[in-house]
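When reading the values below, keep in mind they use all heavy atoms of this one structure, side chains included, and skip hydrogens, waters and symmetry mates.
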Amino acid sequence: MKVLIVSAYFPPGNAIGAVRLGKLARHLTENGCDVRVISAVDETLAPTLPTEIDADRVIAAKWFDIHSLPRILLKLGANDGLETISESKGRLLGITYNLFRALFHWPNRHTVWFFPAVKAGRRLIAEWRPDVISASAWPITSLFVGASLSKEFSIPWIAELRNLWLDNHYHSMPVWRLLRHALYSL
């Protein structure tokens, strides 16, 4: 069976979702599946995880991270959070940064990754057609990529949510944003 895994997080980028999906790819490969992966280049993650499958089977699509704009303007490090902004730059700037995230991270900061990921998927499917697409979120954009490729090429897909989309304790959002998510998911 040919399996295309779509996830913005995949080894060598060190994120917990990447650990899990790297192991899944290895397990599928060891059990006779032909696995390919579309992931994202993420410079905020240390490239310290073993890839688990042949690196030539992984396409890491480059994208522009909209989250980098306020980080550049505020001269922050890649892993500085809202608390760093509030402490070092002032509370008002921290609130402004949080508003930026609420407005432009729709559905998450990987929004712009959708376009290069779909493009990479189209190129891959032109030469190697999977039997199934497995898209894993977070980020939710991974699901949009999987759904888009599935629809365009009539390939069945599996959507996996590793964490909640709404009420996710990792991502605090203002009430209006939660309502926007809730209405979108109806």
For [X], what residues pass the side chain to side chain donor-acceptor pair (under 3.5 Å) criterion, not counting sequence neighbours?
X: Asp131; answer: none
X: Lys23; answer: Glu52
X: Arg122; answer: Glu152

Using side-chain heavy atoms (C-beta onward) and a distance below 4.5 Å, is [X] in contact with [Y]?
X: Ile38; Y: Ile5; answer: no
X: Val3; Y: Asp34; answer: no
X: Tyr9; Y: Ser136; answer: no
X: Leu4; Y: Ile155; answer: no
X: Val58; Y: Phe10; answer: yes
X: Trp113; Y: Ser142; answer: yes
X: Leu143; Y: Glu160; answer: no
X: Val37; Y: Arg57; answer: no

Do side-chain atoms of Thr51 reach the backbone of Ile53 as a donor and acceptor pair under 3.5 angstrom? no
Would the distance check show the side chain of Ser148 and the main-chain N or O of Phe144 forming a donor-acceptor pair, the cut-off being under 3.5 Å? no
With clusters defined by side-chain heavy atoms of hydrophobic residues (ILVMFWY) lying less than 4.5 Å apart, directly or transitively, does [Y] cluster with [X]?
X: Leu124; Y: Val118; value: yes
X: Leu149; Y: Phe115; value: yes
X: Ile140; Y: Trp157; value: yes
X: Val6; Y: Phe153; value: yes
X: Val19; Y: Leu24; value: no

Which heavy atom of [X] sits nearest a heavy atom of [Y], and at what distance?
X: Ala40; Y: Ala60; answer: C-CB, 4.4 Å
X: Ala137; Y: Pro139; answer: CB-O, 3.3 Å
X: Pro130; Y: Ile133; answer: CG-CG1, 4.3 Å
X: Ala120; Y: Ile59; answer: CB-CG2, 3.9 Å
X: Leu49; Y: Pro11; answer: CB-CB, 3.9 Å

With a 4.0 Å cut-off, would you call Glu30 and Arg26 a salt bridge? yes
Is atom NZ of Lys119 surrounded by more than 12 heavy atoms (other residues, nucleotides or ligands) closer than 6.0 Å? no
dist Leu21:CG -> Ser134:OG (nearest 0.5 Å) comes out at 7.5 Å
